[in-house]
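Handing you a structure now.
Chain A is the first sequence line, chain B the second, and so forth, proteins listed ahead of strands; every chain is numbered from 1.
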Amino acid sequence: MHTPIHSQPGDIDPGPWLLRLEHVSKRFGGVQALDDIAFNVRPGEVLCLAGENGCGKSTLIKTVSGVHAPEPGAVMQWDGQDMLGIDPARARELGIQVIWQDLALFPEMSVAENIAFERNLGRRPRLVKTAAMRAQAAEILDSLGVNIDLDARVASLSIANRQLVAIARALIANARLVFMDEPTASLSRHETEALIDIVRRLSAQGIAVVFVSHRLAEVLDICSRVTVLRDGCYVGTYSTEGMTQSRLTELMTGRQFDYRTRPAPTGDGEPRLSVRGLTRQGEYRDIDLDIRPGEIVGLTGRLGAGRTELALSLFGMRRPERGQILLDGRPLRMTSNRDAIRAGIAYVSEDRLSLGLVQQQAIADNIAITVLGRLLNRAGLLSPRRQTGLVADWIRRLKVKVGSPQDPVSSLSGGNQQRIVLAKWLATEPRLLILDSPTVGVDVGARAGIFEIVAELAAQGMAILLISDETPEVYFNADRVLHMRDGRLVESFIPAHTELERIEEAVHA
Amino acid sequence: MRKFLPRLGSTELWLIAVIAVICGGLALTTDTFLTLVNLLDLLNYSAVNVIFAAGLLVVLVAGGIDISFAVAASVVQYLVATTLLSLGGGGWVLGFALSIGFGALLGAFNAALIHHFRIISIVVTIATFNLFFGLLMFFTDGVSIYNLPDWLVERVVLFEHETANGWAELTLPVAVMAVVVLATWLLLRRLNLGRQLFAMGDNPEAARRLGIGIAKMHYLAYGWLGACAGIAGLMQMHYAQEVVPNALYGRELDVLAAVVLGGARLGGGRGTLLGAVLGLALIAITQNGLNLLGISPYAFRMIVGAIILIAICMSGETLDVLRTRLARRRAAPRQEVLS
């Protein structure tokens, strides 16, 4: 049994804390964002801050970095000294750096200038010291053991390299505590490993790292302790030794989930989707693929293996050069995704925030946008009554938590936004549903909810292609797992008959 | 070290190539284009626009836009002229000081509205464009000022040379243009404040988190453009030897088009002075050439508009997109199996 370390101060070396927070609360209007939080970091340790979306992690980071001031009564100490009342500039002076998920870089500027931009700050006019900036940037990249062209525009870098630039920028300011907010969310497994190496290197240099991630395996792998928050409250701080993913999930959500694979597929019935010899140069080649009604087929592989490109071709958005796509035995000729939608194919995109939803528009409008043609009344105008009916139906069926269907989508949490995307596509009554990385940025509890829905849809006879680069996700939620590498399908696994480790090895070897 | 300076970008190279072709064509088809007299005239005439463009580039780079600067320059002309006349004359020093001061004030007015009321810059400056121009026409009744002080209307010749085609002259506005361009270059490329402007235009949220003073940056950008507009107004007044209230009306769009043609991005973070100057040069040379070729001035706008469209469509990035698309089509000549 894991007991919170915090509640038993005698159990641990009280040691010198780098950062010590006690009784930190924060209220925004009527919302209690943080309620009596304790949070302690030792010099040079790698600590995880875990919790579902909206649990108060961001508020806590902003409080430590001086953006928000806590309610009176809080204790905040840095190196044993009182640090209440700091502002962001002072926090940076102390050595507190935050790498936000959006990285906050300047895409049009060079790598060197991004890393050493602090030298450009200040309110008085001063000459830019280009040579010194370059030298400083080169030195810090060297110390990280990475090699990035100093003159490259940041916009031209991969996400992983941008991350490294952001880390380098944090370190240049003599950071002693670095918060990393979801640093691995858009990295491939390989890039994640490289990042974890860097985190270890920082830790060895005595720089403490607070890691925020939804990927629990990663958290347990890299961190020595984990502090869990739930609904703005402090749950506890635990050693990661002996901690399991399911236990951590339980602590974060306050609920229990069981991880079991789906039963082995029976393998009868005509395929809903058949793909033969599909090829598009430089993206994927010779793809053969069958999905039967009611079957969930997982597609995994490293980033850049061609998964998303294949999905876009199945959705009519990238024309293959050779090969055949058959839906219910009939060849499909698609010139755009409108043909795909008409044929009964729905695609939930990887990047739901920018591609899947119109953030400022009402929830109801977002759901109805794919089926506007069916909502017309006799005069050919949009029928508000039909729309309200449709929207209410889907909100109920997918258990979306909304205030009002007229609220903007941006007011919803990540998990609920993902449900709205699903609703929007399910409203087209698809026969084939393609889900591309449906849980990116969605927390554990909400993930389980989404996969419950997916399983239900399969049970009703829908054919589902589930794409994800998180192997466990496809392992636990698909009937069959296909492994894609360098544009080809190289292997097929049945989770019920295969160990997860075996698939992970194959994918990441 | 010129590592932070942009290496000559594709936009600049492309513009240089187009300008070279046009110049070559004009040199072959007209006798007058490639003469010192004509080229220096072109420079004298374009100086005012280049001064405007330098200021506008600062605002564009910082992520804003300004429609009001040309009529603001007209307002400054009136304010400067009437102040000078009421003071009994003055001189160049006072003239520049007043122009820069009034110009910066009008720019600061825009900045204040944009920053403190959080209104987007295009809306603010369309409103102030109308406000400035309306006030000007109302208070002046559209009457021009001709009795400017002597020092202001006397031509200041910096260089002259007699050629077969007449006197070739380089005048004061060109020198002022050079100073303004140099100062703007210094600001944008060499000073920390200029880098902060770029940063704000590139990623405003990141700039805010780094603690860059957003208010100060707004005042700097619009104030700089205002000051440039004031100087441009003074030079235009000097060049034209009169103040006509609607003389600069409409100039804002010409300058804006030229600066965007030169690679400045609407939305901020990207733009170079060289590009802006080349963009202006392309348009000025085209107009000059059409003039020399005896083409009706009514055709100018049409042709200039077409050139801007063609140039932007053919710019480096657009060509890259077309090239990959073409390559893909070649790789897949037919889609017989798909049907």
Practice item. Taking Gln196(B) for its side chain and Gly122(A) for its backbone only, find out whether a donor-acceptor pair lies under 3.5 Å. Key: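 Confirmed, Gln196(B) side chain pairs with Gly122(A) backbone.
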task = State, with a plain yes or no, whether a side-chain heavy atom of Phe198(B) is found less than 4.5 Å away from one of Asn120(A).
result =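 They are not in contact (no side-chain heavy atoms under 4.5 Å apart), so the answer is no.
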inquiry  = What residues of residues 262-269 of chain B make heavy-atom contacts with chain A at a cutoff under 4.5 angstrom?
reply    =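 If one takes a 4.5 Å heavy-atom cut-off, the residues of residues 262-269 of chain B near chain A are Arg265(B), Gly269(B).
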Counting only heavy atoms not in Glu139(A) (residues, nucleotides, ligands), do more than 12 fall under 6.0 Å from its CD?
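Atom CD in Glu139(A) is not packed in, count stays at 12 or less.
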CD (Glu113(A)) and CZ (Arg195(B)) are apart, to the nearest 0.5 Å, by 4.0 Å
When the 4.5 angstrom heavy-atom criterion is applied to Pro88(A) and chain B, the contacting part is neither
* Using side chain to side chain donor-acceptor pair (under 3.5 Å) as the criterion, list what pairs up with Trp224(B), not counting sequence neighbours. =>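 Expected list: Thr184(B).
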>> For Asp486(A), is the CG atom crowded, meaning more than 12 foreign heavy atoms sit under 6.0 Å from it?
In response: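 12 or below, so no.
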| field | Partner set under side chain to side chain donor-acceptor pair (under 3.5 Å) for Arg209(B), not counting sequence neighbours | value |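 Only Asp102(A), Glu205(B) meet the side chain to side chain donor-acceptor pair (under 3.5 Å) criterion with Arg209(B).
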Enclosure of Phe117(B) CZ (heavy-atom neighbours >12, cutoff 6.0 Å): no
Arg276(A) portion near chain B, given a 4.5 angstrom heavy-atom threshold =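 Contact with chain B is absent: no heavy atom of Arg276(A) under 4.5 Å.
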**Asked** Does Asn203(B) reach the main-chain N or O of Leu105(A) with its side chain, forming a donor-acceptor pair under 3.5 Å?
**Response** yes
How many angstroms lie between CZ in Arg123(A) and CE in Met217(B), if you round to the nearest 0.5 Å?
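Rounded to the nearest 0.5 Å, the CZ-CE separation comes to 7.5 Å.
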### Message
Once side chain to side chain donor-acceptor pair (under 3.5 Å) is applied, do any residues pair with Arg285(A), and if so which ones, sequence neighbours excluded?
### Response
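Arg285(A) satisfies side chain to side chain donor-acceptor pair (under 3.5 Å) with no other residue.
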Determine the minimum heavy-atom distance between Ala206(B) and Phe106(A), stating which atoms define it.
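In terms of heavy atoms, the two residues are closest at CB-CE2, 3.8 Å.
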Close side-chain approach of Leu191(B) to Val128(A), heavy-atom, < 4.5 Å
no
Check whether any side-chain heavy atom of Asn192(B) lies under 4.5 Å from a side-chain heavy atom of Leu121(A), and answer yes or no.
-> no
So for atom CG, which belongs to Asn174(A), do other residues, nucleotides or ligands contribute more than 12 heavy atoms lying within a distance under 6.0 Å? no
